[in-house]
Chemist: 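I am attaching a structure below and will ask some questions about it afterwards.
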Number of protein chains: 2
Amino acid sequence: MREHKKISVLTYALLGLIHQKPRAGYDLRKIFAETAMGSFSNSPGAIYPALERLEKHGAIASEVMESAGLRRRRVFRITEPGEQEFKQWLSKPVTRDEIIRGTGELMLRFAFMEQALGAQAAITFLRNLRVELDAYVPGLKEYLHQHGPQMPLSGMLALDSGIRNYETLQRWVAYAIQTYQSFLASRQPLSANQINTSGGQS
Amino acid sequence: MREHKKISVLTYALLGLIHQKPRAGYDLRKIFAETAMGSFSNSPGAIYPALERLEKHGAIASEVMESAGLRRRRVFRITEPGEQEFKQWLSKPVTRDEIIRGTGELMLRFAFMEQALGAQAAITFLRNLRVELDAYVPGLKEYLHQHGPQMPLSGMLALDSGIRNYETLQRWVAYAIQTYQSFLASRQPLSANQINTSGGQS
DNA sequence: CATTTCATGTAATCGGTTACATGATTAG
DNA sequence: CTAATCATGTAACCGATTACATGAAATG
């Protein structure tokens with residue numbers, strides 16, 4: 001049983017991207033710099049040490065590529081134990097604490113989930129998220145209703161903004177579940193007896 | 001010109017709460033633990049050292065209160081330079097970078113703004129935020145439109161969730177501006193010549 | 001009297017930011 | 001040839017997390 005120091009969100013983001021396909025540090029930096037994932041640090045001083053730690057941990061392995069006429073690149077691929085660790089992170093239950101701390105990590109997990117665990121796991125994740133949100137949001141609204149009038153206007157509005165975000169997230173969850181269900185339905189149009197009436201293509 | 005090491009968001013949150021009124025470390029912890037501000041750490045190992053730093057920095061001053069029959073409390077109040085620093089933080093321009101990094105700090109600033117700088121400043125802040133959002137969000141939507149179809153469904157949905165949050169924020173900004181304007185209108189019903197037709201109460 | 005809550009801290013560890021350093025390769 | 005870009009690092013600093021420590025006052 002290898003000891004299991006806590007891994008940061010940034011590190012999981014790196015692990016997830018490497019899980020998709022082998023990548024070099026520079027590729028990862030570019031992804032952080034250019035896409036909306038930029039919220040997780042794009043500084044080399046964070047990424048390269050994180051990759052080192054992952055390699056020491058045994059979750060990834062690197063190979064220096066020196067094709068002729070190309071710059072030397074250290075390409076990382078995920079290992080078996082690394083994939084296990086990654087999937088375990090994806091499978092963590094959705095907790096209220098995680099919702100309060102911000103939805104960043106939640107959405108990161110979801111973004112990786114389909115490729116790593118399949119569409120069914122993504123739907124389960126969304127259902128769990130919905131349960132937690134439905135349990136959490138009413139209390140927030142109640143708090144605003146109770147204490148809002150005694151707060152300064154800007155404080156009340158700031159709280160309202162947070163609530164609106166959660167409500168938006170609730171609507172998104174519903175939409176996402178629906179989207180996934182149609183997606184699954186279109187991939188497996190008939191469950192048991194596939195009556196092949198028209199030409200089926202692979 | 002005192003050197004001006006960067007101050008963390010948590011530290012500004014503490015500074016803002018102390019600006020409202022003098023408080024002890026324990027009060028601050030409770031606020032973080034009990035209200036929706038909990039997203040900024042509630043551990044004593046973060047709060048007490050942060051308060052020490054603020055005091056060394058000269059932004060706050062402490063006084064140990066030992067009223068008879070009460071526990072000893074170290075109560076912090078904001079100093080003149082501390083208030084300057086705080087207001088300067090509140091007055092920082094709204095940048096796209098700040099929007100990308102997350103709206104947490106933005107909303108924190110806004111929540112403190114009315115009390116510290118007045119309602120007019122809050123409106124100005126909201127207007128600037130609106131400008132930045134209007135400049136930023138269309139690009140995100142365009143990106144989703146362009147690259148979405150080639151992404152895995154979960155990735156596309158995750159991006160969509162982020163966009164929905166920004167759109168929600170845009171609607172909130174509009175609502176908040178309106179709210180503030182009615183607020184100001186109700187406080188100053190007639191700007192120049194106040195014709196007192198009915199009994200006015202303080 | 002014992003336990004809980006109030007109230008303030010300390011120490012170890014570690015990850016991230018910032019800034020700097022280094023070379024190799026392609027473009028102008 | 002020079003500048004920009006590719007690509008990988010390193011080092012100093014510092015703040016946050018976690019967990020532990022302490023003691024006094026209220027509560028039962």
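All values derive from a computational prediction rather than experimental measurement. Every chain is numbered from 1 and lettered A, B, ... according to where its sequence line falls, protein lines coming before strand lines.
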Chemist: Under 4.0 Å, counting only non-hydrogen atoms across every strand here, what does A:S43 touch: a base, just sugar-phosphate, or nothing?
Modeler: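 Counting heavy atoms under 4.0 Å across all strands, the contact made by A:S43 includes a base.
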Chemist: Starting from P on C:dG15, measure out to CD1 on A:I7 and report it in whole angstrom.
Modeler: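 Taking CD1 of A:I7 and P of C:dG15, I get 9 Å after rounding.
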Chemist: Test of understanding: with side-chain contact (heavy atoms from CB on, under 4.5 Å), list the residues that count as partners of A:Q181, not counting sequence neighbours.
Modeler: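 Residues passing side-chain contact (heavy atoms from CB on, under 4.5 Å) with A:Q181: A:I123, A:R127, A:I177.
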Chemist: Which is more 5' along DNA chain C, the nucleotide nearest B:G45 or the one nearest B:R101? Just name the residue.
Modeler: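 Nearer the 5' end of the strand: B:G45.
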Chemist: Go through the side-chain N and O atoms of B:W89 and B:E105 and say whether any donor and acceptor fall under 3.5 Å apart.
Modeler: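 A pair is found: one side chain offers a donor N or O, the other an acceptor, under 3.5 Å apart.
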Chemist: Is A:A50 touching bases, backbone alone, or none of the nucleic acid, heavy atoms closer than 4.0 Å?
Modeler: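 Here A:A50 touches no strand at all.
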Chemist: Of all the nucleotides listed (D:dA16, C:dG16, D:dT8), which has the minimum atom distance to the side chain of B:L10?
Modeler: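 Nearest nucleotide to the side chain: D:dA16.
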Chemist: Between B:R29 and A:V9, who's closer to the 5' end of DNA chain C by nearest nucleotide?
Modeler: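 That would be B:R29.
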Chemist: Is any NZ, NE, NH1 or NH2 atom of the basic residue among B:E98 and B:R109 found under 4.0 Å from an Asp or Glu carboxylate oxygen of the other?
Modeler: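 Salt bridge flag = yes for B:R109 with B:E98.
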Chemist: Check the orientation of B:Y180 and B:F183. Use parallel for under 30°, tilted for 30 to 60°, and perpendicular for over 60°.
Modeler: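 It falls in the perpendicular class, over 60°.
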Chemist: When you get a sec, tell me which of D:dT8, C:dG15, C:dG9 is the closest nucleotide to the side chain of A:R53?
Modeler: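 Nearest listed nucleotide: C:dG15.
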Chemist: Of all the nucleotides listed (D:dA16, C:dT17, C:dT8), which has the minimum atom distance to the side chain of A:S41?
Modeler: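 It is C:dT17.
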